[in-house]
J.: 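Please find one structure pasted underneath; my questions will follow.
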Amino acid sequence: MVELLLILLVVGGLIALMATRGRGRGTTATNQLGDAEAEARRWYERLGGQVLNLVGSDEPSKQALADAAERYTAAGSQLDQATSAPQYRLATDTALEGLYYVRAARTAMGMDPGPELPGSAERARAGELASTSEVDVDGRSVTGSPRPSAQNNHYYPGGMVGGRPVPAGWYSEPWWKPMLLGGVGAFGGMMVASALFSGFGAAAVGGDAFAGDMGGGFDPGMDPGMDPGMDPGGFDGGGFDGGGFDGGGLFGGW
C-alpha cells in the first residue's frame with residue numbers, strides 16, 4: 001500500500017511538472033508574439049507620421065515619399081494579416097524600409113534626415129554608391145549616384161535582390177524592380193546589375209560584398225551571357241530583411 005502511494009505521488013509530481021513547463025512555454029510564446037507585434041506597430045506608426053506629414057519639393061523627394069507610402073500600405077496589410085512573430089517581423093522590416101525612403105526624401109529636400117535607422121547585414125554587405133556611375137545596357141543609359149538629381153531620382157536603400165547586392169543610392173530608373181517581381185523582366189535587371197557592378201568595380205561602391213566579388217573576380221553568375229535556360233522566375237525580394245533591429249527610441253526626435 002505504501003509503495004502504491006509513493007508511485008502515485010511520483011506520477012502526480014511528474015504530471016504537475018509537465019503542466020507547469022507547458023504553461024511556461026505558452027507564456028514565453030505569447031510574450032514573444034506580443035513583443036513582435038508591438039515592435040511592428042511602433043515602426044509602422046512612425047512611418048505613417050512621416051508619410052502623412054511630408055510633401056516632396058522636387059522629383060527625387062516626391063518619388064522617395066511615394067515609395068515610402070507604398071511600404072506604409074504594405075506594412076499595414078502585413079500587420080492586418082499577421083498571426084505569428086515572424087510575420088510581425090516582416091511588417092517591421094517593411095516599415096523600416098519605408099523609413100529609409102523617408103530619410104532619403106528629407107535629405108533630398110535639404111532637411112535633417114533624423115536619427116540613424118537600424119542597419120541590417122544585407123545593407124551592410126551591399127554598401128552604397130560612392131561616385132556617379134553610368135553604363136549602357138541594350139542601348140539605354142543607366143546612371144547611379146550617391147546624390148539625388150533631376151536625372152537620378154529613384155532611390156534604393158541598399159540590400160539583396162535576387163541574391164545579389166544592390167548598393168544604396170539614387171538611380172536614373174528603378175532597374176531592380178523587375179528582379180523583385182521575377183518573370184522575364186528579371187533578366188534585364190540582372191543585366192543592368194552585372195554592368196553596374198562589373199563595369200565600375202569595387203571603387204564605385206562600399207560594402208564587403210563588392211570587395212570580395214571584385215577582388216577575386218566577379219561572380220560569373222552575374223554575367224549577362226549567363227545560360228539562357230536559367231529560370232528568371234527564381235528571383236525574389238526576400239533579401240530585404242532588416243533583421244536584428246533594435247527599435248529603442250530611435251525616432252524620439254521626430
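Remember, predicted model here, so these are calculated numbers, not experimental data.
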J.: Nearest 0.5 Å, please: how far is OG1 in T107 from CH2 in W170?
T.: 7.5 Å
J.: Could you tell me whether the side chain of T94 and the main chain of L90 form a donor-acceptor pair under 3.5 Å?
T.: yes
J.: Ignoring hydrogens, what is the shortest heavy-atom contact between A75 and A91? Give both atom names and the distance.
T.: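 Nearest pair, atom of A75 first, then A91: CB-O, 3.9 Å.
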J.: Regarding R123 and E128, does a basic nitrogen lie under 4.0 Å from an acidic carboxylate oxygen?
T.: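 Judged by the 4.0 Å cut-off on N to carboxylate O distance, R123 and E128 do not form a salt bridge.
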J.: Closer than 4.0 angstrom, basic N to acidic O: yes or no for E37 and R41?
T.: yes
J.: So, does R103 use its side chain to make a donor-acceptor pair with the main chain of G114 at under 3.5 Å?
T.: yes
J.: If you compare all heavy atoms of S57 against all heavy atoms of M109, which two are closest, and at what distance to 0.1 Å?
T.: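 That closest heavy-atom pairing would be OG-CG, 3.1 Å.
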J.: Which heavy atom of Y155 sits nearest a heavy atom of Y100, and at what distance?
T.: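 Of all heavy-atom pairs spanning Y155 and Y100, the closest is CE2-O, 3.9 Å.
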J.: Locate the shortest heavy-atom distance separating L65 from G56; write the atom from each residue and the value.
T.: CD1-N, 3.4 Å
J.: Report the C-alpha distance between H154 and W176 in whole Å, list the side-chain angles of each, state the deciding distance to 0.1 Å, and finish with yes or no for side chain to side chain contact (heavy atoms under 4.5 Å, CB included).
T.: CA-CA 11 Å; H154 292 274; W176 55 89; 4.1 Å; yes
J.: Would you say the side-chain atoms of N152 pair up with the backbone N or O of S172, donor to acceptor, closer than 3.5 Å?
T.: yes
J.: Is it true that a side-chain atom of T92 and a backbone atom of Y88 form a donor plus acceptor pair closer than 3.5 Å?
T.: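 Answer holds: yes.
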J.: Assess, by modelled atom type and distance only, whether the side chains of D58 and S61 contain a donor and an acceptor separated by less than 3.5 Å.
T.: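 Checked: D58/S61 side chains pair up, N/O donor to acceptor below 3.5 Å.
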J.: Which heavy atom of V102 sits nearest to which heavy atom of L54, and what is that distance?
T.: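 Shortest heavy-atom separation between V102 and L54 comes out as CG1-CD1, 3.9 Å.
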J.: Just verifying a value: how many Å separate K62 NZ and D67 CG, rounded to the nearest 0.5 Å?
T.: 14.5 Å
J.: Is a side-chain N or O of R71 found less than 3.5 angstrom from the main chain of A95, in a donor-acceptor match?
T.: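 Looks like no, no N/O pair under 3.5 Å.
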J.: Please tell me if the side chains of E134 and V142 come closer than 4.5 Å, counting only heavy atoms from C-beta onward.
T.: no
J.: Going by the angle between their ring planes, with limits at 30° and 60°, are Y44 and Y72 parallel, tilted or perpendicular?
T.: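 Geometry flag for Y72 against Y44: parallel rings.
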J.: Give, for atom CD of Q50 and atom CZ of R46, the distance between the pair rounded to the nearest 0.5 Å.
T.: 10.5 Å
J.: Taking the side chain as C-beta and beyond, is there a heavy-atom pair between T143 and S133 under 4.5 Å?
T.: no
J.: Between the side chain of N153 and the main-chain N/O of S149, is any donor-acceptor distance below 3.5 Å?
T.: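 Flag not set: sc N153 to bb S149 has no pair under 3.5 Å.
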J.: Kindly compute the distance separating CG (L117) from CG (L99), expressed to the nearest 0.5 Å.
T.: 5.5 Å
J.: Which heavy atom of T83 sits nearest to which heavy atom of L33, and what is that distance?
T.: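 Shortest heavy-atom separation between T83 and L33 comes out as O-CD1, 3.9 Å.
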J.: Could you tell me whether the side chain of Q87 and the main chain of S84 form a donor-acceptor pair under 3.5 Å?
T.: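 Yes.
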